[in-house]
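Worksheet: one structure, shown below.
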Protein chains: 2
Amino acid sequence: MYQIIIYMFSKACEYGIKASIFIALNSYRNVRVSLKAIAKEINSPEAFTAKILQDLVRHHVISSTKGAYGGFEIEKELISSVKLSHIVNAIDGDSIYSGCGLGLHTCDESHPCPVHHKFKSIREELKSMLENTNLEELALNIKSGASFLKM
Amino acid sequence: MYQIIIYMFSKACEYGIKASIFIALNSYRNVRVSLKAIAKEINSPEAFTAKILQDLVRHHVISSTKGAYGGFEIEKELISSVKLSHIVNAIDGDSIYSGCGLGLHTCDESHPCPVHHKFKSIREELKSMLENTNLEELALNIKSGASFLKM
DNA sequence: TTAAAATAGGATAAAATTATCCGAATTAAA
DNA sequence: TTTAATTCGGATAATTTTATCCTATTTTAA
Ligand code: FES
Ligand code: FES
């Protein structure tokens, strides 16, 4: 059984979000970061993080360069347009929010589960938050020391 | 990778909540329900549901009677005082909400992760909802056909 | 041209969650 | 008293998620 009910994100998403923030942070300084550096910074397992970064590259959330002096980056001009929802979609797929909180086949207004109306507003709020939070603001908060990527 | 990010509840919780509602519904009519009837009604795997019901019994959320004509029930007078949070606590433990959305060791106001402030309000809202929703209202909505336990 | 540093990707393993099986214990009715 | 209907609980299996390993490929610099 879980220890936390609100499984906001899968581990994969957690790592993906944190990695993206760290990459953004460095891309402002035109610095490409390696998998190794990322995993160290966000305190994540290297090989698993690699898989997630590959996903993000495939979905064009970040870009990668192979070979020596290679690594991951995000085009500076794009950082402010990358939303949390993009990252989450890339990693967990985009069938987000369509599921019923109690596992009914679909979440359907005309055939609601017992908690449908109670959860709907919360879910919408979360959704709009993800769609309106961009990497730039998150990176700036890290930079200013207002928030942290590990511990 | 998950298909739905907001893993509101574990499967165990989903089944636990739905089962509790169905039991409540029947307890109003002084009818004890069997595991078999519950699993059929909420469309859940029988043996797994049994484990969850055992948890709920141990935590005194519901009560059980062994043997022929046995089954599960909830004392009528208690139905309105059983909150969703009780069910969830019984099944997933009570370290609820203490975890950080991005997996930091603890959710700490003075050492916040990048999404801390964004998620905090949503989480609080969800918490108070769980603490303020009782089985009675959920059961009544099923009874009146306003909500459904399966499909 | 070679060596070193990286990402990419397939295969596999470990851990957690979900699900199943089976026998023991209990209870009520026949 | 026997039988059938049940919950209880331990063991185990299947599935999903998370994590690791190893090799291939790419790229840059020496
Ligand atoms: S039907 Fe369950 S959340 Fe909408
Ligand atoms: S520190 Fe991450 S949610 Fe509070």
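For NE2 of H105(B), the number of neighbouring non-hydrogen atoms (other residues, nucleotides, ligands) closer than 6.0 Å is 12 at most. The local environment of NZ in K83(A) is crowded, with over 12 non-hydrogen atoms from other residues, nucleotides or ligands closer than 6.0 Å. Residue K150(A) places its NZ atom among more than 12 non-hydrogen atoms of other residues, nucleotides or ligands, all under 6.0 Å distant. Within a 6.0 Å sphere centred on OH of Y69(B), heavy atoms belonging to other residues, nucleotides or ligands number 12 at most.
The nearest whole Å value for the distance from the CD1 atom in I62(B) to the C1' atom in dT7(D) is 11 Å. Between L56(B) atom CG and dC8(D) atom C1' there is a gap of 14 Å when expressed in whole angstrom units. Residue L53(B) contributes atom CG, which lies 8 Å from atom P of dC8(D) at whole-angstrom precision. Atom P of nucleotide dA8(C) and atom CG of L35(A) are separated by 9 Å, given to the nearest angstrom. Atom CZ of F72(B) and atom C1' of dT26(C) are 13 Å apart (whole Å). One atom, CD of E14(A), and another, C1' of dA19(D), lie 14 Å apart when rounded to the nearest Å. Atom-to-atom, CZ of R58(A) to C1' of dG10(C) comes out at 12 Å; the value is rounded to the nearest Å. The distance between atom CD1 of I52(B) and atom P of dT18(C), rounded to the nearest whole Å, is 8 Å.
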Between the protein and nucleotides 2-4 of chain C, which nitrogen or oxygen pairs are less than 3.5 angstrom apart?
none

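Put simply, the side chain of H86(A) never gets that close to the backbone of V82(A): no donor and acceptor are under 3.5 Å apart.
Contact record, F9(B) with G101(A): CD1-O, 3.5 Å, taken as the closest heavy-atom pair.
With sequence neighbours excluded, no residue satisfies side chain to side chain donor-acceptor pair (under 3.5 Å) with K66(B).
When distances run from any side-chain atom of F48(B) to the nucleotides dA25(C), dA19(C), dT18(D), the shortest one goes to dA19(C). Checking dA6(C), dA29(D), dT7(D) against every side-chain atom of S34(A), the shortest atom distance belongs to dA6(C). You'll find that the side chain of K51(A) is closest to dG9(C), out of dG9(C), dA28(C), dT18(C). For K66(B), whose side chain is taken as the heavy atoms from C-beta onward, the closest listed nucleotide among dG9(C), dT20(C), dT27(C) is dT27(C).
Between T65(B) and dT7(D) there is no side-chain polar atom (N or O) within less than 4.0 angstrom of OP1 or OP2. For dG9(C), one of the phosphate oxygens OP1 or OP2 lies less than 4.0 angstrom from a side-chain nitrogen or oxygen of Q54(A). Taking side-chain N and O atoms only, S64(B) has a distance below 4.0 Å to OP1 or OP2 of dC8(D).
Relative ring orientation between F148(A) and H111(B) is described as parallel, the plane-to-plane angle staying below 30° on a 0-90° scale split at 30° and 60°.
With respect to the salt-bridge test (charged N to carboxylate O, under 4.0 angstrom), the residues K118(A) and E125(B) do not qualify.
Under the 3.5 Å distance criterion, with hydrogens and angles disregarded, no donor-acceptor pair is assigned to the side chains of K18(B) and N43(B).
Contacts between residues 15-32 of chain B and DNA chain C, defined by a heavy-atom separation under 4.0 Å, are made by Y15(B).
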